[in-house]
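A note on names: the letters A, B, ... follow the listed sequences, proteins ahead of strands, and every chain is numbered from 1.
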2 protein chains.
Amino acid sequence: MANQKQDEGATAKLTINDIARLAGVSKKTVSRVINRSPLLNRETRDKVEAIIRETGYVPNPQARALALGRNFLIGLIYDNPNAQMVLSMQRGILEALHGTEFELVIRPVDRGSNHVMDDIRGFVTRQRLFGVVVLPPMSENDALMRMLDEQGCRYVRMGSAMLDDPEHMVASNDREAVADAVRHLIAQGHRRIGLIAGPHGFRSARERREGFEMALAEAGISLPRSLVADGQYTFESGLSASESLFDLSPRPTAIFASNDEMAAGVLYAARLRGIAVPDELSIIGFDDTPVTTRVWPPLSTVRWPIVAMGRAAALKLIGTAIGEDAEVNEPSMFSSTLIRRGSVAPPAQT
Amino acid sequence: MANQKQDEGATAKLTINDIARLAGVSKKTVSRVINRSPLLNRETRDKVEAIIRETGYVPNPQARALALGRNFLIGLIYDNPNAQMVLSMQRGILEALHGTEFELVIRPVDRGSNHVMDDIRGFVTRQRLFGVVVLPPMSENDALMRMLDEQGCRYVRMGSAMLDDPEHMVASNDREAVADAVRHLIAQGHRRIGLIAGPHGFRSARERREGFEMALAEAGISLPRSLVADGQYTFESGLSASESLFDLSPRPTAIFASNDEMAAGVLYAARLRGIAVPDELSIIGFDDTPVTTRVWPPLSTVRWPIVAMGRAAALKLIGTAIGEDAEVNEPSMFSSTLIRRGSVAPPAQT
DNA sequence: CGGGTATAGGAAACCGGTGTCATGATCAAG
DNA sequence: CTTGATCATGACACCGGTTTCCTATACCCG
């Protein structure tokens, strides 16, 4: 019913036929110019290119996608655990896509909902996406990957140290990074070190916990269950989780929080209790989000190269587009570094 | 040269012809079912729908877009001044798009670069976007809007109190909101109130500044030039801008920072100088980003409904798609509220 | 100088949908 | 029973590109 062509108004869109007519060649020839076919007369190409340039012709991507059987859309699937991470990832991916004809379509989902799967299936099939990048914790869902395979949708998953399938994976070595951070605490003289763990079922939470335990074990320090508190990667959970650690006697002299949001919660809780940081309590977080430098004292943390990893993920995805043989040489494993700020000091008393 | 159909593998995609054959009807009839044409026999529709459901057929969006002459992609253009804002906006837009066939394509740009314009033109023309949402400060670029008009690309701009063109605009009333915040400070007894302004050329910066001046004028308080410091909406600029205010004698007893990042900078600077907040200095920010509750004391601030505004913007955009007459009733102006936290107290001495 | 081989370029089919218009069936009114 | 209107459906062109296949020309060589 709705009246279609009513808001025409704009510059009438040029078609390949117009260009062909203007250049005095067939549309096929124009198509060859657009697609850089090598078997073309030099003059013909120059002439057509000149016309394209001066008319500002842009081939219709829908028609191209239809004829070519593939489009130029990359999807980003995430269940936002961390605003900063998502945004950095978007940036990394877009950096890689810049200058190509690919665009980024974003898709936050709710992993708790019981139709996530259908939701994502609809997303990739409806738009016939070229491929998707999946962020943690969705990237740990193997059923999702099987579904994507079934749908013939390429994917790259981001995650923590999952190297089963390096071609479809970009990972950071959280375990080693956390171990380094904890070794740093130990070197400062800390022995009673608390852990605020991430949510169960998160690969990163497990990796970070293992790194924590590894460093303690190396130093021969035992880890009583009471020094481990469960968190949800949120500020509030960090705040409440630290309560139980503060109630301990003797109190831990240092706490490693599995991400910065929770570390900020620990800092806040310490302030509420009048515990001085770093003099009475050292804190290390993970992620290096901006909040670490906004609070006082600025938080020491572990930085992982999110943007670079996003870029690598996107390149892996579109690398296969250029040509199957164009070997993709993006690394699959990235390493993190400890950033020392003001939240770590030697313990007050030995 | 590249070999196309080699990684077929996936479930062979069904076409409308397959469905037509299976249902024993013509493709046109199937098309009618898909597009909910009202002039269809009940039985025929049920039969075709059953087949579509059991085969899991999804119409090819590229073909649809080609035939229909429009696609189902909304673009989001921004020059990220504020991660939280961008992310909330994405969320709001996606909420509105949820359940429709539209998808969101994001496009950060660099407004400093001298080919932003070409960049954006390429973006909207190449993908033939249905429409775009433009975030500040890009939304204040009138040349951009003219260009979008030329390209026949619908748009909605987000911004501060620009109501020249309500149909293409979603705005917040920053001036009044800031005036309220400053009135609050005045009511607490403050008379020497400093302002950290936003960058020149930002509409929001001007609106907020005007609100600040308005509230002071109402109360008959004069505003010496020295009480106004320039900032760039960044934490660091807030930090350094507050230095000059702190050097004043007498020092201001309160500071309004034009956004939360700068307010966090003020708080940080105060800590460095040993100025107690809120006892010796009150602070109010703007945006209500998470950082306000991570720092100590938590910052009082002005909250504006970003998600709701994003939703409204998207609805305005796609509202015109459903039918030209379907009047879009989304409001164009949203109002903000003062959130009182712990960074405001009466001045130490009168 | 003639026949074989590249090479540029064109005609037509095709990708998977939608619009237009024609057609046959059904039904109410005359 | 005929006629005109209404309804449900199908045939076919078309959206704007790409691909396949074929032809005409230029070039190579003996």
TODO: Mind running salt bridge (charged side-chain N to carboxylate O under 4.0 Å, His left out) on D142(B) and R157(B) for me, showing each step along the way?
DONE: CA-CA 10 Å; D142(B) 289 322; R157(B) 45 214 294 215; 3.0 Å; yes

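- Summarising the geometry, the separation between CD1 on I16(B) and P on dG10(D) is reported as 12 Å, rounded to the nearest angstrom.
- For L97(A) against A314(A), the heavy-atom pair with the smallest separation is CD1-CB, 3.9 Å.
- In terms of heavy atoms, M158(B) sits closest to P136(B) at O-CD, 3.6 Å.
- The nearest whole Å value for the distance from the CZ atom in R45(A) to the C1' atom in dT7(C) is 14 Å.
- Scanning residues 56-66 of chain B for heavy-atom distances under 4.0 Å to DNA chain C yields Y57(B), P59(B), N60(B), A63(B), R64(B), L66(B).
- The neighbour count for E54(A) CD, taken as heavy atoms of other residues, nucleotides or ligands under 6.0 Å away, is above 12.
- When all heavy atoms of N141(A) and A143(A) are compared, the pair lying nearest together is OD1-N, 3.1 Å.
- Among the candidates V132(A), L76(A), D119(A), the single residue satisfying the side chain to side chain contact (heavy atoms under 4.5 Å, CB included) test with R107(A) is D119(A).
- Protein atom CG of D18(B) is 9 Å distant from nucleotide atom P of dG16(C), rounded to whole Å.
- Contact annotation for N17(B): no contact, since no heavy-atom pair falls under 4.0 Å across all strands.
- For the pair I34(B) CD1 and dG19(C) P, the computed distance is 12 Å after rounding to whole Å.
- For Q62(A) (side chain) and A65(B) (main-chain N/O), no donor-acceptor pair under 3.5 Å exists by modelled atom type.
- Judged by distance alone, with hydrogens and angles left aside, the side-chain atoms of N71(B) form a donor-acceptor pair with the main-chain N or O of F130(B) at under 3.5 Å.
- For K28(A), counting side-chain heavy atoms from C-beta on, the closest listed nucleotide (dC15(D), dT20(D), dT20(C)) is dT20(D).
- The shortest distance between the side-chain N/O atoms of T44(A) and the OP1/OP2 oxygens of dG9(C) is below 4.0 Å.
- Relative orientation of the Y155(B) and H168(B) rings is tilted, given thresholds of 30° and 60° on the angle between their planes.
- Between T29(B) and dG10(D) there is a side-chain polar atom (N or O) within less than 4.0 angstrom of OP1 or OP2.
- The two residues Y78(A) and Q90(B) have their closest heavy-atom pair at OH-OE1, 3.9 Å.
- Contact annotation for V25(B): backbone-only contact, meaning every heavy-atom pair under 4.0 Å involves sugar-phosphate atoms and none involves a base.
- Comparing R32(A) and T15(A), the nucleotide of DNA chain D nearest to each residue sits closer to the 5' end for T15(A).
- Between the CZ atom of R42(B) and the P atom of dC7(D) there is a distance of 17 Å, rounded to whole Å.
- Across the helix from dC1(C)-dG30(D) to dG30(C)-dC1(D), the helix axis at one end is tilted relative to the axis at the other end by 40° (nearest 10 degrees, each axis from five pairs).
- If you take CD of Q127(B) and P of dG17(D), they are 14 Å apart, rounded to a whole angstrom.
- To the nearest angstrom, C1' of dG19(C) lies 10 Å from CG of L68(B).
- If you take CZ of R70(B) and P of dC15(D), they are 18 Å apart, rounded to a whole angstrom.
- Interface remark: the K27(A) side chain does not form any donor-acceptor pair with the dG16(D) base, using a distance-only criterion of under 3.5 Å.
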